[in-house]
Amino acid sequence: MSAIHFYNTRTRKKEIFRPLKNGQAGIYTCGPTVYGPMHIGNVRSQLFADLLRRFLESEGFAVTHVINITDVGHLVSDADEGEDKMELAAQRAGETAEEIADRYTELWRRDRQAVNCVEPEHNPKATEHIDEQIKLGVKLEEGGYLYRIEDGIYFDIARFPRYTELAGLDLEGQAGAQRIDQVEGKRHPADFAIWKFADPDVRRLQEWESPWGRGFPGWHLECSAMSSRYLGEHFDIHTGGIDLATVHHTNEVAQSECGFGVHPWVEYWLHNEFLDFGGEKMSKSKGNVKTLLDLAERGYDPLAFRYFFLQAHYRQQQTFNDESMEAAARGHSRLVALAADLRGVKDRGDPDKQAAHRTQFREAMADDLNAPKALAVLWDVVRSGKLSSADQRDLLLEFDAVLGLDLAHAERAQEGYESDPRIDGLLKQREAARVSRDFASADRIRDELAAEGVELIDTPEGPRWRRS
RNA sequence: GGCGGCGUAGCCAAGUGGUAAGGCGCGGGCCUGCAAAGCCCUGAUCACCGGUUCGAAUCCGGUCGCCGCCUCCA
């Protein structure tokens with residue numbers, strides 16, 4: 001059995017996973033900023049983190065998974081200025097920031113449940129950990145890493161030579177970028193806020209007292225503060241979207257390694273790639289933001305999106321379009337139908353006959369979570385002519401504990417479960433016509449039902465129907 | 001300007017030195033009165049050019065095309 005390998009952004013290599021504590025794994029995942037519904041790109045990040053935790057659990061690890069809820073502090077635009085997303089959403093809706101946060105936190109939870117994500121052990125909110133954030137800020141100040149300017153307290157990246165390590169940054173080269181609106185007084189463009197002072201002229205909903213004055217925490221601080229609270233100041237795995245590596249995670253590393261005095265702060269950094277919408281960037285202004293709700297309105301089961309996710313490796317950009325989603329949905333529903341049939345099998349399986357497939361699946365997942373390969377193993381099993389139904393069922397359920405398609409509860413699409421006196425009556429008429437070989441009448445009834453969206457399926461047990 | 005990724009059959013997508021997994025679609029077959037569903041069968045030499053090698057989709061160089069990040073962002 002080969003070792004588990006993960007691609008580590010920090011070292012840019014696939015590395016053997018060695019936990020800090022035997023048999024345990026601590027994972028921190030950058031969660032949502034709860035000022036709006038999450039789109040399917042966000043869902044991909046959640047699915048990736050969930051796949052990771054499920055796999056580690058299947059390997060016998062006791063997993064502690066922390067996903068934060070950012071309910072304060074992110075700005076709408078510009079380097080360090082602009083309006084706060086939470087504040088803006090609150091203003092628009094005529095609600096408090098807290099009401100907005102609660103609503104979208106709840107929505108986020110429901111979306112995660114819809115795609116069958118395992119509940120994280122901890123789901124801390126930034127606003128409930130202000131003290132921890134201030135405490136880390138104080139440590140950094142004592143270490144001489146901070147400086148004060150007019151609008152806040154900033155981290156001085158010159159004090160942290162390893163600043164560029166995680167993302168392999170070239171700060172000199174980046175200077176060529178057309179950056180906008182530098183905050184007055186910052187020593188380096190990449191210096192970032194630890195604490196921002198409240199503007200006496202602007203009424204904010206979210207402000208707290210601190211040793212530096214009234215204000216609110218910088219937007220990277222919470223992840224360092226909350227991860228240390230629940231996972232310790234040195235932990236195994238940190239996940240997030242690839243876009244977070246350059247700024248957010250780089251800054252997390254800086255403040256954490258300086259504040260906690262550790263290196264590396266996080267052993268393994270795992271980042272998922274983006275969904276590719278074929279050049280059409282998903283943005284609210286273009287009105288093409290896609291959510292699970294949008295997919296549901298088009299008739300797609302949220303779990304079909306999970307199946308879609310599993311079809312590509314997490315570190316590859318994955319093309320999302322009508323065709324690829326439809327293909328995934330079809331594959332998914334066939335798999336569900338097969339699983340539903342296998343669920344009824346009562347025989348016992350033979351572990352010896354399952355072993356080879358089990359190994360293939362496990363090896364695929366151990367190689368940096370190669371879900372598409374693992375999924376292919378699942379299809380091989382399920383369409384194998386050599387395995388007994390009992391063995392297929394055992395393997396299917398075992399694999400699904402990692403893949404998370406909830407196949408243990410698979411049911412055939414409603415067929416035959418619906419009853420409607422009128423439709424059932426028509427079905428009987430059609431059967432009578434068929435028996436008397438009056439196919440013209442039989443087909444007419446079928447066509448009429450099809451016209452109102454009722455699909456007939458003739459089975460050995462008689463005709464069934466479902467709404468399509 | 002800097003950093004990173006990608007280009008594999010109609011579509012999605014594994015594979016990173018020894019002659020190409022899987023899913024969807026198309027086509028064919030079985031089943032069916034016909035159909036649907038289901039089942040079976042079926043397709044590519046890997047953007048292009050050059051090089052390294054006994055051997056490359058896989059390594060190196062170049063060209064073209066696409067995407068992401070560098071500013072909140074999955």
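In terms of heavy-atom proximity, Glu15(A) sits nearest to Tyr268(A) at OE1-CE2, 3.5 Å.
Nearest-nucleotide positions on RNA chain B place Asp380(A) closer to the 5' end than the other of Arg437(A) and Asp380(A).
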Collect all protein-nucleotide pairs involving nucleotides 40-47 of chain B in which both atoms are nitrogen or oxygen and the distance is under 3.5 Å.
none

Measure all distances between protein nitrogen or oxygen atoms and nitrogen or oxygen atoms of nucleotides 26-29 of chain B, and list the pairs falling under 3.5 Å.
none

Please enumerate all protein N or O atoms sitting under 3.5 Å from an N or O of nucleotides 4-10 of chain B, with distances to 0.1 Å.
none

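You won't find any donor-acceptor pair under 3.5 Å spanning the side chain of Asp276(A) and the base of G68(B), going by distance alone. Side-chain N/O atoms of Arg446(A) and base N/O atoms of A35(B) include a donor-acceptor pair closer than 3.5 Å.
Aromatic stacking of Phe439(A) on G33(B): satisfied, with centres closer than 5.5 Å and planes within an angle under 30 degrees.
Taking side-chain N and O atoms only, Asn321(A) has no distance below 4.0 Å to OP1 or OP2 of C11(B).
For the pair Arg315(A) and Tyr7(A), the cation-pi test (distance below 6.0 Å, angle within 45°) is passed.
At a threshold of 4.0 angstrom between heavy atoms, the contacts of Arg430(A) include nucleobase atoms, whether or not backbone atoms are also involved.
A perpendicular orientation is assigned to the rings of Phe155(A) and Phe160(A), their planes being inclined by more than 60° (bins at 30° and 60°).
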